[in-house]
Protein chains: 2
Amino acid sequence: MNTVEILRSHDIKPTIVRMKVYEYLYSMKNHPTADTIYKSLSPEIPTLSKTSVYNTTTLFLTKNLIRPVTIEENEIRYDADTTDHGHFKCTACSEVYDFNADLSKMEHNLSEDFQINERQLLFKGICSYCKRS
Amino acid sequence: MNTVEILRSHDIKPTIVRMKVYEYLYSMKNHPTADTIYKSLSPEIPTLSKTSVYNTTTLFLTKNLIRPVTIEENEIRYDADTTDHGHFKCTACSEVYDFNADLSKMEHNLSEDFQINERQLLFKGICSYCKRS
DNA sequence: GTATCTGCAAAACATTTGCAATTCT
DNA sequence: AGAATTGCAAATGTTTTGCAGATAC
């Protein structure tokens with residue numbers, strides 16, 4: 001599926017801004033903030049504004065095309081990978097790593113009457129590269 | 001151990017503000033924001049300021065007496081329960097529930113060279129009480 | 001031509017910082 | 001008195017909002 005089809009399948013009308021933002025999120029697979037997206041796409045789309053980045057990411061979130069990731073409490077990050085996985089943030093180099101984690105295994109201590117819509121697992125510490133140096 | 005002893009054992013000089021903040025966190029076992037703590041203790045300590053709440057919680061965090069909990073990305077919440085557990089936030093009633101979860105079980109897909117200092121598991125959805133109504 | 005999308009400027013809100021006032025020993 | 005604690009006011013940084021201009025169908 002190309003970008004146009006992916007957006008359409010989520011009931012999102014494709015525009016150049018939306019396509020570029022989605023392609024950035026999907027190809028980079030980092031967990032950018034609105035500011036990072038804005039700075040990265042600005043050279044390509046000189047008229048882009050941060051408001052439009054927020055408009056776009058908020059739309060994607062409501063259409064369940066991407067997921068919010070909370071790494072630090074003062075900023076929203078976005079992830080185009082909507083499968084369950086954990087995040088590890090190195091507090092030394094600030095890098096965020098993905099790792100596999102089946103979060104459904106963690107549900108058994110929660111009542112079945114609770115309907116879970118979103119799962120986030122976050123570890124913080126020192127990554128192997130920073131530990132060595 | 002009483003509050004004075006707990007604070008001292010974490011190398012924190014007990015003051016009235018610190019004792020009241022810790023006792024609030026420990027007894028309520030909710031996951032308050034700085035604003036909630038401020039509003040709750042204000043009647044008791046009329047001269048209290050939000051800055052002092054932040055000073056106090058930041059001190060507690062650096063001394064590992066409490067843990068930061070990120071439920072929403074725009075605010076810091078604090079938890080006096082420093083054992084591993086998960087949080088469930090109901091997006092309907094905003095209530096936050098604790099549940100048991102052994103997060104160390106989630107580490108096996110992360111390289112052993114990564115040093116983990118902090119773990120957070122967060123589910124969001126609809127709690128059983130809101131589902132019924 | 002009407003609805004949607006985009007983006008500037010200002011507002012909102014949580015948190016931090018600088019510094020002065022207060023308190024404790 | 002000297003050091004630590006507290007708290008006011010201002011600054012900072014991210015996200016949201018109001019609205020006007022641009023674009024698309």
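By convention in this document, chain letters (A, B, ...) are assigned in the order of the sequence lines, proteins followed by strands, and residues within each chain are numbered from 1.
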[X] [atom1] - [N] [atom2] separation (whole Å):
X: A:K50; N: D:dT17; atom1: NZ; atom2: P; value: 17 Å
X: B:I71; N: C:dA14; atom1: CD1; atom2: C1'; value: 16 Å
X: A:N55; N: D:dG18; atom1: CG; atom2: C1'; value: 12 Å
X: A:M19; N: D:dA24; atom1: CE; atom2: P; value: 13 Å
X: A:E72; N: C:dA14; atom1: CD; atom2: C1'; value: 15 Å
X: A:L48; N: C:dC8; atom1: CG; atom2: P; value: 9 Å
X: A:K39; N: D:dG13; atom1: NZ; atom2: C1'; value: 11 Å
X: B:I45; N: D:dC8; atom1: CD1; atom2: P; value: 13 Å

Ring centres of A:F114 and B:F99 under 6.0 Å apart?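 Aromatic pair excluded; centres sit 6.0 Å or further apart.
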Assert: residue with more 5' nearest nucleotide on DNA chain C, out of A:Y38 and A:R18, is A:R18
Within the 4.0 Å heavy-atom criterion, would you say B:D35 contacts the bases, only the backbone, or no part of the nucleic acid? nothing
Measuring from the side chain of [X] (C-beta onward, heavy atoms only), which nucleotide among [options] has the closest atom?
X: B:K13; options: D:dA4, C:dG7, C:dC5; answer: D:dA4
X: B:A34; options: D:dT14, C:dT15, C:dC8; answer: C:dT15
X: A:I76; options: D:dG7, D:dT15, C:dT6; answer: D:dT15

Please indicate whether B:K29 has more than 12 foreign heavy atoms, meaning atoms of other residues, nucleotides or ligands, lying under 6.0 Å from its NZ. yes
Within the structure, does a side-chain N or O atom of [X] lie under 4.0 Å from either OP1 or OP2 of [N]?
X: B:Y54; N: C:dT16; value: no
X: B:T51; N: C:dT15; value: no
X: B:T15; N: D:dT5; value: no
X: B:T47; N: D:dT6; value: no

B:C127 and B:K89, any side-chain heavy atoms less than 4.5 Å apart: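 The answer is no; the side chains never approach within 4.5 Å.
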With DNA chain D as reference, determine whether B:N74 or B:P46 sits nearer its 5' end, using the nearest nucleotide of each. B:P46
Output yes when B:R77 and B:E72 qualify as a salt bridge under the 4.0 Å nitrogen-oxygen rule, no when they do not.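 Result for this pair is no, no salt bridge flagged.
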Using the rule side-chain hydrogen bond (donor to acceptor under 3.5 Å, both in side chains), only one of A:N30, A:D35, A:T36 pairs with A:T33; which is it? A:T36
